[in-house]
There are 2 protein chains.
Amino acid sequence: MTKINDISTEERILNAAEQIFENKGMSGARMQEIADEAKINKSLLHYYYRSKQLLFEAVFKKAFNKLAPQISIVLDSDQSICEKIENFSNNYTSFMLKHPYLPNFILQELNRNPKFVNELISLGNFPNIKKFEMQIETAIAEGKIRPIAAEQLFINILALNIFPFIGAPLIKGFINASDKEYKEILKKRKTEVADFIIQSIKL
Amino acid sequence: MTKINDISTEERILNAAEQIFENKGMSGARMQEIADEAKINKSLLHYYYRSKQLLFEAVFKKAFNKLAPQISIVLDSDQSICEKIENFSNNYTSFMLKHPYLPNFILQELNRNPKFVNELISLGNFPNIKKFEMQIETAIAEGKIRPIAAEQLFINILALNIFPFIGAPLIKGFINASDKEYKEILKKRKTEVADFIIQSIKL
DNA sequence: ATATTTGTTGACCATTTAGTTAAACCATAT
DNA sequence: ATATGGTTTAACTAAATGGTCAACAAATAT
């Protein structure tokens, strides 16, 4: 059985599959390429994960489960609004600097197959805006922040944090930044984005 | 010759190709599917556009040439900062509501093949941040807006306007919005986003 | 020791897919 | 009417690709 070795092979496959799927997407990825990356025979892919589709789903769910907890900071935690904005901007950007292809991969595949969202929702582990909505409405009623619809604020928080990774190639072109320079700009955003948002909603 | 018919067929192909490529991306699109969509024989695709790659490039460049002028509003026009933010937010969102797959398509393909940006730049027609940078620096020096790096502000403007389209399936899931409800939320953003940004940079 | 289960491989298969080709079609100029 | 040249089609090809299978290897249980 060699449990140690089992895990090693199965994980090597999953890691290789992540690498390839996140770079090329479901339709651009090739089973042979994943096998090469994992340095195993192509048949082994089918031995551990029956089909390309199932391997893809394993990768996708793993990727999504890295994203969901970050979103939960905003939607489900008990922090104050400012804390949420600051923590999310800082944590998310730090995390994505290490996995820059992840947001693009997830959104790409969700756009290609929007029904997948429903599966994720029914699987649980899918953050929901309700609690956040209450928090915002209360804060507005108490005169702590400017009036703004919770959805709009939520979209803004996501947009300002996620887009810089998805739009990287385009933005780099517009602002003439090298990879290194752009990475510095992203690092600065850990605090800049939070400031920008808070500045906009404070009275 | 039938010049009228020539254009009609060639354009029917390009329209069909847009439809398919923007939905499925380069690697997910099938030449047969494009032919079916255009209601012509597959060989005609190769007659007018030698290969899948060339057909794809025609579609991509056409798509990019719809986006570039919008960005130029922000980077190259002579409007005031507020006018730029208001006009871009309004124009861009209005336009994208009619072409919701466009931003996703462009960013997807640029992420998959970042070298393509260089081609676009060398082809001209690629907006550059320099002028905008000067404008922001001047406005800050004159005490008209809060200090902020031009790149950061520019990224924020793009993020707040573009992300809601790319992230649509995910956001819809988080906020429990139907397609119709989400479209309403996007419409509201035409003015909300501009307010949000201006609120943040004004003194 | 050896039978049994688990892991791994190379060879193979059926299908899909981009691309080709030769013939048919059709409008127009002569 | 008919030759000409662009347009369109059906049939075909070669390569790529996801997936299978039977045999081999290695570990574990008996």
Side-chain angles (χ1 to χ4, degrees), chain A residues 1-63 105 108-109 112-113 115-116, chain B residues 1-63 105 108-109 112-113 115-116:
Chain A
M1 287 182 180
T2 353
K3 216 57 195 173
I4 298 149
N5 238 313
D6 274 12
I7 291 167
S8 162
T9 301
E10 191 165 344
E11 281 208 336
R12 246 198 1 267
I13 291 175
L14 201 61
N15 290 339
E18 276 179 57
Q19 185 84 10
I20 304 297
F21 277 129
E22 287 177 12
N23 264 294
K24 314 209 164 179
M26 169 63 171
S27 53
R30 298 289 159 245
M31 293 298 267
Q32 186 59 60
E33 205 180 351
I34 295 171
D36 292 347
E37 177 75 26
K39 282 168 184 138
I40 47 135
N41 187 287
K42 183 162 69 82
S43 303
L44 261 196
L45 298 181
H46 292 93
Y47 179 75
Y48 283 99
Y49 304 84
R50 289 184 58 78
S51 65
K52 186 184 182 184
Q53 179 64 28
L54 288 175
L55 178 53
F56 168 77
E57 282 172 21
V59 169
F60 185 89
K61 277 168 193 159
K62 189 177 168 190
F105 171 64
Q108 182 52 32
E109 299 302 333
R112 205 126 297 172
N113 182 11
K115 288 182 299 179
F116 215 53
Chain B
M1 287 172 187
T2 356
K3 213 64 194 171
I4 299 151
N5 238 310
D6 275 10
I7 290 167
S8 162
T9 301
E10 192 166 341
E11 282 208 336
R12 249 203 353 272
I13 292 175
L14 201 61
N15 291 339
E18 275 179 60
Q19 185 84 10
I20 304 298
F21 276 129
E22 286 177 13
N23 264 294
K24 313 210 164 178
M26 169 63 172
S27 54
R30 298 290 160 242
M31 293 297 267
Q32 186 59 58
E33 205 179 353
I34 295 171
D36 292 347
E37 176 75 26
K39 283 171 184 137
I40 47 139
N41 188 287
K42 183 164 69 82
S43 301
L44 263 196
L45 297 181
H46 292 92
Y47 178 75
Y48 283 100
Y49 302 84
R50 289 185 56 79
S51 65
K52 186 183 182 185
Q53 180 62 29
L54 288 174
L55 177 54
F56 169 76
E57 283 172 21
V59 169
F60 186 88
K61 277 167 193 161
K62 190 177 168 190
F105 170 64
Q108 181 52 33
E109 298 303 333
R112 206 126 295 175
N113 182 10
K115 290 182 298 179
F116 215 52

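Residue numbering restarts at 1 for every chain, and letters A, B, ... go by the order of the sequence lines.
- Residues R30(A) and I20(A) come closest through the heavy atom pair N-CG2, 4.4 Å.
- Shown here are the side-chain contact (heavy atoms from CB on, under 4.5 Å) partners of S51(A), two or more places apart in sequence or in another chain: Q53(A), L54(A).
- Contact check of residues 28-36 of chain B against DNA chain C (heavy atom, cut-off under 4.0 Å) returns A29(B), R30(B), M31(B).
- The distance from atom CG of L44(A) to atom P of dG18(D) is 16 Å, rounded to the nearest whole Å.
- Ring-plane geometry between F116(B) and F56(B) is classed as tilted, the angle between the planes lying from 30 to 60 degrees on a 0 to 90 degree scale.
- Checking side-chain atoms of N113(B) against main-chain N and O of E109(B) turns up no donor-acceptor pair under 3.5 Å.
- Summarising the geometry of S27(A) relative to S27(B), their closest heavy-atom pair is OG-OG, 3.2 Å, with the distance given to 0.1 Å.
- Here the P atom of nucleotide dG10(C) and the CD1 atom of I40(A) are 11 Å apart, to the nearest Å.
- The line from CD1 of I34(A) to CG of N15(A) is 12.0 Å long, rounded to the nearest 0.5 Å.
- Distance, M26(B) CE to dA18(C) C1': 10 Å, rounded to whole Å.
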What donor-acceptor contacts under 3.5 angstrom involve side-chain atoms of residues 39-47 of chain B, with partners at least two apart or in another chain?
| from | atom 1 | to | atom 2 | distance (Å) |
| --- | --- | --- | --- | --- |
| N41(B) | OD1 | S43(B) | N | 2.8 |
| N41(B) | OD1 | S43(B) | OG | 3.2 |

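- Listed by chain and residue number, E33(B) satisfy the salt bridge (Lys or Arg N to Asp or Glu O under 4.0 Å) test with K24(B) (two or more places apart in sequence, or in another chain).
- Out of dT9(D), dG7(C), dT9(C), the shortest distance to the side chain of Y48(A) is found at dG7(C).
- Atom C1' of nucleotide dT15(C) and atom NZ of K52(A) are separated by 14 Å, given to the nearest angstrom.
- Under 4.0 angstrom from either OP1 or OP2 of dT20(C) there lies no side-chain N or O belonging to Y47(B).
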Filtered N/O pairs between nucleotides 20-23 of chain D and protein, under 3.5 Å:
| from | atom 1 | to | atom 2 | distance (Å) |
| --- | --- | --- | --- | --- |
| dT20(D) | O4 | S43(A) | OG | 3.1 |
| dC21(D) | N4 | S43(A) | OG | 3.4 |

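- With 3.5 Å as the limit, one finds a donor-acceptor pair spanning the side chains of D36(B) and Q32(B).
- We find the CD-CD distance between E18(B) and E37(B) to be 11.0 Å, quoted to the nearest 0.5 Å.
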Taking it one step at a time, do Y49(B) and E57(B) satisfy side-chain contact (heavy atoms from CB on, under 4.5 Å)?
-> CA-CA 10 Å; Y49(B) 302 84; E57(B) 283 172 21; over 6 Å; no
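- Residues from residues 54-62 of chain A lying near DNA chain C, meaning a heavy-atom separation below 4.0 Å, are absent.
- If you take CD of Q53(B) and C1' of dT17(C), they are 16 Å apart, rounded to a whole angstrom.
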